[in-house]
Amino acid sequence: MGIKKQLKPRFLQHTFLTGAICIHTLLAISSAARAQSKPAEIQIISDTRFQYGIGLIGESSAHPEIIDTLRPFGKQGSPTNKQIRPPIWKMPQWASRYNLKNTPSVQHGDTIIYQNQGKKVSFLTQGKETTISLEVFGSKEYLKPRIANEAWPHLLLEQRTNQMPIAKMKELDFRISARLLYSINKTGTAYDPGLHAAQVTFYLLIQNVNKASAGYSDYFWFGLPLYDSRHPILEEYAAQDLGKEDATKKFILNVASKEIYSGTLHDKKWINIHKDLYPLIKKAFQKAKDNGYLKTTTFEDIAIESTNLGWEIPGTFDSGIQFKNLKLSTEMQE
C-alpha cells in the first residue's frame with residue numbers, strides 16, 4: 001500500500017512563510033546594521049593610479065622643492081571639483097646626473113614614457129590598475145665606480161600621509177605587486193659588494209607627531225626590502241642611517257624578506273605581497289628603543305609621516321622594476 005503524500009494545512013504553510021519572511025527581514029536588518037557599524041577603511045596612501053601626476057624633485061636633498069610635474073594622464077580634476085589637482089606623489093632624484101625636468105612624454109601603444117640618458121619612468125593603465133616602471137641607467141649616471149661615503153643616484157616615489165596614530169589602528173593593510181625587469185652590474189673589476197649594489201625598499205617614516213611630547217618630530221625608518229642585487233633572500237637589517245654626507249643618522253630597521261613574502265625578485269617574476277604591518281612596526285619601534293633611539297617617544301606618539309619606494313643605486317648598475325596594486329590602508333579601533 002503506497003504512502004499518501006501528507007499536505008500541510010494552509011494556516012501552517014502561511015505561518016511558515018510569514019516566519020521565514022520575518023527571519024529574512026531580521027537578518028537583512030542585522031546585516032545592514034553591521035555594515036553601518038563597520039569602521040570605515042582609511043587610505044594611508046592615495047592616488048595609487050597616479051592620476052594627478054608626480055611632482056618632480058631635483059638632485060639635492062637640501063632642496064626638496066618641486067621643479068616640474070610629470071602628468072602622464074593629463075591635468076586631472078577631482079570628482080567633485082573641476083579645478084586641477086596638484087600631484088600627491090613626488091619623485092626625488094637625489095645625486096642624479098640626469099634630471100627628468102622638461103622631459104617630454106612619449107607614447108608607445110598604451111604605455112606613456114619619460115626617458116633621458118640616466119633614467120626612464122613608464123606608466124601603463126589597464127582597467128582600474130596602473131603599472132609603473134622605474135629604470136635607472138647607472139652606467140650613464142656614474143663617471144667612475146663609487147667610493148666610500150660618496151652619494152648615489154636615487155629614483156623614488158614619495159608621498160606624505162594623513163598621519164593617523166598607529167596605536168589606534170586595528171591593523172595596517174599593505175599590498176603591492178612587484179617584478180624585477182633587469183639588474184646588470186656594470187661596475188667592472190672595481191666591484192665591491194660593501195660599496196656597490198642596486199636596491200629597492202618600501203620605507204615608512206615613523207615619526208613622533210605629538211606636539212606635547214618631549215620627543216616631538218623624532219623618527220625612525222621602517223623598511224620592507226623588495227630587492228638587493230647582492231642577496232636573493234634578505235635578512236633583517238637594523239642600524240643607523242649612514243654611508244653618505246646627507247644621511248639622516250636615524251635608526252633604520254628593514255624586516256627580513258621572509259616576513260612579507262616568499263621567493264625572490266631575482267627570479268624576475270611577479271611577487272604579490274599582502275601583509276598586516278601593525279605588529280611588525282610595533283616590534284621595530286621597540287627595537288629602536290632598545291638600541292637607544294626615540295628615548296622620549298612612546299608608541300602612542302607615533303604615526304606614518306611619509307612613505308617612499310624606488311631605486312637606490314650605490315653602484316654602476318643598470319636596473320629596472322615594475323609595481324602595481326599598491327595599497328596601504330587601515331581601520332581605526334572603536
Engineer: Examine Y261 and I233 and state if one hydrophobic cluster contains both, with Ile, Leu, Val, Met, Phe, Trp and Tyr joined whenever side-chain heavy atoms are less than 4.5 Å apart.
Structural biologist: no
Engineer: May I ask you to test the E65-I57 pair for a side-chain heavy-atom distance under 4.5 Å?
Structural biologist: no
Engineer: Considering all heavy atoms of both residues, which atom of F323 and which atom of A178 are nearest to each other, and what is their separation?
Structural biologist: CD2-CB, 3.9 Å
Engineer: So does I271 get a backbone contact from the side chain of R179, meaning a donor-acceptor N/O pair under 3.5 Å?
Structural biologist: no
Engineer: Are S133 and S122 linked by a side-chain donor-acceptor pair shorter than 3.5 Å?
Structural biologist: no
Engineer: Go through it in stages, so that I can follow the logic: the residues are V255 and F222, the test is side-chain contact (heavy atoms from CB on, under 4.5 Å), and I'd like the CA-CA distance, side-chain angles, deciding distance and then a yes or no.
Structural biologist: CA-CA 8 Å; V255 303; F222 174 78; 3.7 Å; yes
Engineer: Taking D192 for the side chain and G194 for the main chain, is one N or O donor matched with an acceptor at less than 3.5 Å?
Structural biologist: yes
Engineer: Please test E141 against K119 for salt bridge (Lys or Arg N to Asp or Glu O under 4.0 Å), starting from the C-alpha separation and ending with a verdict.
Structural biologist: CA-CA 9 Å; E141 287 282 2; K119 55 188 67 70; 3.1 Å; yes
Engineer: In sequence, state the C-alpha distance, the side-chain angles, and the governing distance for K327 and E41, and then conclude on salt bridge (Lys or Arg N to Asp or Glu O under 4.0 Å).
Structural biologist: CA-CA 12 Å; K327 181 178 181 181; E41 185 179 62; 3.2 Å; yes
Engineer: First locate atom CD1 of I302, then atom CD of E305, and finally report the distance between them rounded to the nearest 0.5 Å.
Structural biologist: 13.0 Å
Engineer: Given the ring of Y219, does K250 sit roughly above its face, with NZ or CZ under 6.0 Å from the centre of the six-membered ring and within 45° of the axis?
Structural biologist: yes
Engineer: For P92 versus E158, what's the shortest heavy-atom pair and its separation?
Structural biologist: CG-OE1, 3.8 Å
Engineer: Less than 4.5 Å apart, any side-chain heavy atom of M169 and any of Q333?
Structural biologist: no
Engineer: Do any N or O atoms from the side chain of D173 and from the backbone of S329 form a donor-acceptor pair under 3.5 angstrom?
Structural biologist: no
Engineer: Can you tell me how far CZ of R175 sits from CD1 of I273, rounded to the nearest 0.5 angstrom?
Structural biologist: 12.5 Å
Engineer: Would you call Q115 and V106 a side-chain contact if the rule is heavy atoms closer than 4.5 Å?
Structural biologist: no
Engineer: Mark yes or no: K282 above the aromatic ring of F299, with NZ or CZ under 6.0 Å from the six-membered ring centre and no more than 45 degrees from the axis.
Structural biologist: yes
Engineer: Evaluate the side-chain proximity of F220 to L204: yes if any heavy-atom separation is below 4.5 Å, no if none is.
Structural biologist: no
Engineer: Identify whether the distance between the nearest side-chain nitrogen and carboxylate oxygen of K275 and E171 falls below 4.0 Å.
Structural biologist: no
Engineer: So, does N291 use its side chain to make a donor-acceptor pair with the main chain of Y293 at under 3.5 Å?
Structural biologist: no
Engineer: Checking the side chain of W89 only, and the main-chain atoms of G55 only, is there a donor and an acceptor separated by less than 3.5 Å?
Structural biologist: no
Engineer: Would you indicate whether the side-chain heavy atoms of T161 and T307 approach each other to under 4.5 Å?
Structural biologist: yes
Engineer: Between G315 and T187, what is the shortest heavy-atom contact and its length?
Structural biologist: C-OG1, 4.3 Å
Engineer: H154 vs W152 aromatic rings, parallel, tilted or perpendicular, using cut-offs 30° and 60°?
Structural biologist: parallel
Engineer: With the side chain counted from C-beta on, respond yes when I252 and Y203 share a heavy-atom pair under 4.5 Å apart, and no when they do not.
Structural biologist: yes
Engineer: Give a yes or no answer on whether the side chain of D68 reaches the backbone of N102 with a donor-acceptor pair at less than 3.5 Å.
Structural biologist: yes
Engineer: Should L294 and N208 be marked as a side-chain contact (heavy atoms from CB on, under 4.5 Å) after you check the CA-CA gap, both sets of side-chain angles, and the distance that decides it?
Structural biologist: CA-CA 9 Å; L294 304 162; N208 183 334; 5.8 Å; no
Engineer: Would you indicate whether the side-chain heavy atoms of Y142 and P153 approach each other to under 4.5 Å?
Structural biologist: yes
Engineer: Between F202 and F174, is the ring centroid distance below 6.0 Å?
Structural biologist: yes
Engineer: Is the closest side-chain donor-acceptor distance between D218 and T297 under 3.5 Å?
Structural biologist: no
Engineer: Is the closest side-chain donor-acceptor distance between S183 and Y227 under 3.5 Å?
Structural biologist: yes
Engineer: Ignoring hydrogens and geometry, is there a side-chain-to-backbone donor-acceptor pair from W311 to A198 under 3.5 Å?
Structural biologist: no
Engineer: Can you check whether K186's main-chain N or O pairs, donor with acceptor, with T316's side chain at less than 3.5 Å?
Structural biologist: no
Engineer: Test of understanding: clusters of I, L, V, M, F, W, Y form through side-chain heavy atoms closer than 4.5 Å, transitively. Do Y182 and I113 belong to the same one?
Structural biologist: no
Engineer: Taking all atoms of both residues into account, what is the closest heavy-atom pair of F50 and T130, and its distance?
Structural biologist: CD1-CG2, 4.1 Å
Engineer: Do we see a donor-acceptor contact under 3.5 Å between the side chains of D301 and T298?
Structural biologist: yes
Engineer: I need the minimum non-hydrogen distance between F251 and A288, along with the two atoms involved.
Structural biologist: CD2-CB, 3.4 Å
Engineer: Answer yes or no: is there a donor N or O on one side and an acceptor on the other, between the side chain of T201 and the main chain of P225, under 3.5 Å?
Structural biologist: no
Engineer: Are V200 and L253 in one and the same hydrophobic cluster, where Ile, Leu, Val, Met, Phe, Trp and Tyr link if side-chain heavy atoms are under 4.5 Å apart?
Structural biologist: yes
Engineer: For Q199 and P314, work out which heavy atoms get closest and say how close.
Structural biologist: OE1-CG, 4.1 Å
Engineer: Mind checking the CG-CG spacing from L56 to N99? Nearest 0.5 Å is all I need.
Structural biologist: 5.5 Å
Engineer: How about D110: does its CG atom have over 12 heavy atoms from other parts shown lying under 6.0 Å from it?
Structural biologist: no
Engineer: Could you walk me through whether F123 and Y114 pass the side-chain contact (heavy atoms from CB on, under 4.5 Å) check?
Structural biologist: CA-CA 9 Å; F123 302 84; Y114 297 85; 3.9 Å; yes
Engineer: Answer whether the closest heavy-atom distance between the side chains of F73 and T125 falls below 4.5 Å.
Structural biologist: yes
Engineer: First locate atom CZ of R160, then atom OG of S306, and finally report the distance between them rounded to the nearest 0.5 Å.
Structural biologist: 7.5 Å
Engineer: Out of curiosity, L226 CG to D228 CG, how far, rounded to the nearest 0.5 Å?
Structural biologist: 11.0 Å
Engineer: Assess K324 against W270: is NZ or CZ under 6.0 Å from the centre of the six-membered ring, and within 45 degrees of the ring's axis?
Structural biologist: yes
Engineer: Please check this pair: side chain of Q93 against backbone of L100, looking for a donor-acceptor N/O pair closer than 3.5 Å.
Structural biologist: yes
Engineer: Please verify the inter-ring angle class for F317 with Y191; under 30° counts as parallel, over 60° as perpendicular, anything in between as tilted.
Structural biologist: perpendicular
Engineer: Determine, using the 4.5 Å side-chain heavy-atom cutoff (strictly less than), whether I281 and L234 are members of one ILVMFWY cluster.
Structural biologist: no
Engineer: Cluster question for you: counting only ILVMFWY and a side-chain heavy-atom cut-off of under 4.5 Å, with indirect links fine, are I304 and L280 together?
Structural biologist: yes
Engineer: Looking at NZ of K144 and CD of E150, how far apart are the two atoms once the value is rounded to the nearest 0.5 Å?
Structural biologist: 4.5 Å
Engineer: I would like to know whether L134 and V121 meet side-chain contact (heavy atoms from CB on, under 4.5 Å); could you show each step before the answer?
Structural biologist: CA-CA 5 Å; L134 302 179; V121 181; 4.1 Å; yes
